[in-house]
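The structure appears right after this line, and notes come after that.
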2 protein chains.
Amino acid sequence: MLPANIEIRDYLAGLIKQSRLKQNERLPSERELVEQFKSTRITVRDALSKLESEGLIYRSNRRGWFVSPARLEYDPSSRVNFYLLAEQQQRTPATELISKKRIKGPLAARTALAVAADEKLIELVRLRSLDGRPVLYEFIYLPESRFPELMKKNLEGSLTTLMQRDYNVEITHEDNRICVSAVYDQVADALAHINGAPCLEIRRIRYEGERKAVEFDIEYWVHSAIELRIPSH
Amino acid sequence: MLPANIEIRDYLAGLIKQSRLKQNERLPSERELVEQFKSTRITVRDALSKLESEGLIYRSNRRGWFVSPARLEYDPSSRVNFYLLAEQQQRTPATELISKKRIKGPLAARTALAVAADEKLIELVRLRSLDGRPVLYEFIYLPESRFPELMKKNLEGSLTTLMQRDYNVEITHEDNRICVSAVYDQVADALAHINGAPCLEIRRIRYEGERKAVEFDIEYWVHSAIELRIPSH
DNA sequence: GATTATTTCTGGTCTAGTCCAGAATGCGGA
DNA sequence: TCCGCATTCTGGACTAGACCAGAAATAATC
């Protein structure tokens, strides 16, 4: 006898795999499932969070649970920008600039960028969406000295393109660190997740030339929205 | 006023960050926390699963919750084997062979390896541990024709080394796909996780020569045990 | 027809327990 | 000293509700 929460999970997973529930379609409400399975909300929610962990469904705050669309395939080592990437996979991308600031910035960013004690960093916070669903919340740190007047530019497009065009930056290599983490507060709110929901975290340092770091990012991806693809030679 | 579950999370996260709770140390039991915070087990467990999602703690079935040790840093594109990797980071590795079979194997493996309809695959299932804690459950599929007599060999060591030494295999490149997923059944049991716990899933195809696939793996990592490091040039 | 207020429905959070299976421990007997 | 058994303790799974805030739909108003 399977635990009830696993039975509910299996039933819903079945519906999704047979496409009886389509991409972005709403699932029955928690209370409807309680009735259907003669169970309780705790148990139903157990089942739903398991499906969420697997990436089969996602939640939208107080609106319900929805079937996850196909994951965006993303190769962090290719320098393809977000717009191009999304369009190559028939998705509609969008970027919202949440904030831009001149600040001291977190220690991790200052260390990565090896800036002088008195130099300020530019912090950009952006929210990126696919087909209207927020999937990525990112913090970008740049040394002010390398990017004068950056604050005045359009910061919702591709940063790579902007850096190349206006500042003549050629990224020679980068270092990515990837782990499973969790989102809280502003990040959780923006991604329509609850506090503590799992996510894929990518921390990146970009270099121009052998040692000169010019960009430090922290990306929080809705975990069901992305699959990394890492070829190696 | 913060929700109670977040307060409990913050308190425990604080203890861990200040090292008042050390690596692999047991947390107070759920019932003790209930008393301490005048709350209920549901709420306490909410807090604990958030810490688990973040990777700060892990559970050991019916034994309690423990502080996660540092993540193993893993570069899937480097062909450093598990033993070497662990030892470089002052950890004690171990491998247990769960099963070895000659089977048809799953469609994904057959497709990846492009085997003929009548050819069998060798399936190896292994559990790997660090310092006595299971961290990785892996399924390995190999075309029998390329690896005769493999079933008779010692399969608990480095497969890369074995393939190289006994079968003259030189891996030229590989393709890794990485996503956040969840573990169930045998995998969940072995990793001392509950059904549906999040994990990092890596699917890999290894090639010798341009097109000849010789190995297909699916790895399930305890998500708090690993950080991927992906340099790019 | 457009705007605003109200109601309904949703998930988010929580209370206060119960029963169960497996892990750890300590005790008794061989 | 060692083995086996019983007890205790742990988390896992569940029942049966409650109240709240925000989203969506609907009704009322201008």
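Below, each value reflects all heavy atoms present in this structure, side chains not excepted, and no hydrogens, waters or symmetry copies. Proteins get letters first, then strands, A, B, ... in listed order; numbering begins at 1 in each.
Neither side chain, A:E156 nor A:N154, offers a donor N or O lying under 3.5 Å from an acceptor on the other. A donor atom on one side chain and an acceptor atom on the other are found under 3.5 Å apart for A:T95 and A:Y83.
Rounded to whole Å, the distance from CD1 on B:I6 to P on C:dG12 is 13 Å. In this entry the distance linking CG of A:D189 with P of D:dG22 reads 10 Å, nearest Å. Taking atom CG of B:L33 as the reference point, atom P of D:dT10 lies 11 Å away to the nearest angstrom. Whole-Å rounding puts the B:E35 CD to C:dT15 P distance at 15 Å. Regarding B:R26, its CZ atom lies at a distance of 10 Å from the P atom of C:dA24, rounded to whole Å. One atom, CG of B:L48, and another, C1' of D:dG11, lie 10 Å apart when rounded to the nearest Å.
At the phosphate of C:dC14, OP1 or OP2 sits under 4.0 Å from a side-chain N or O atom of B:N5. Side-chain nitrogen and oxygen atoms of B:S29 include at least one within less than 4.0 Å of the OP1 or OP2 phosphate oxygen of D:dT10. One finds no side-chain N or O of B:R62 lying less than 4.0 angstrom from the OP1 or OP2 phosphate oxygen of C:dA24. Between B:S60 and the phosphate of D:dG11, there is no side-chain N or O to OP1/OP2 separation shorter than 4.0 Å.
With D:dC14, D:dG11, D:dA13 as the candidates, the nucleotide lying closest to the side chain of A:K50 is D:dA13. Distance from the side chain of A:P3 is smallest for D:dA13 among the nucleotides D:dG12, D:dA13, C:dG12. The side chain of A:R45 sits closest to C:dT13 out of D:dT15, C:dT13, D:dT10.
A side chain to side chain donor-acceptor pair (under 3.5 Å) with A:E219 is found for one member of A:R203, A:R126, A:R204, A:R128 and no other, namely A:R204.
Residue-to-nucleotide proximity on DNA chain D shows that, of A:R31 and A:D46, the 5′-proximal contact is made by A:D46.
Residue contacts for A:R59: at a heavy-atom cut-off of 4.0 Å it reaches the sugar-phosphate backbone alone, with no base atom in range. Contacts of B:T40 with the nucleic acid, taken as non-hydrogen atoms under 4.0 Å apart, include base atoms. B:R41 comes within 4.0 angstrom of a base, heavy atoms only.
Separation of the B:W221 and B:Y74 ring centroids falls under the 6.0 Å cut-off.
Considering only heavy atoms from C-beta on, B:Y58 comes within 4.5 Å of B:R133 through its side chain.
Under 3.5 Å, the side chain of A:R63 and the base of D:dA23 form no donor-acceptor pair of N or O atoms.
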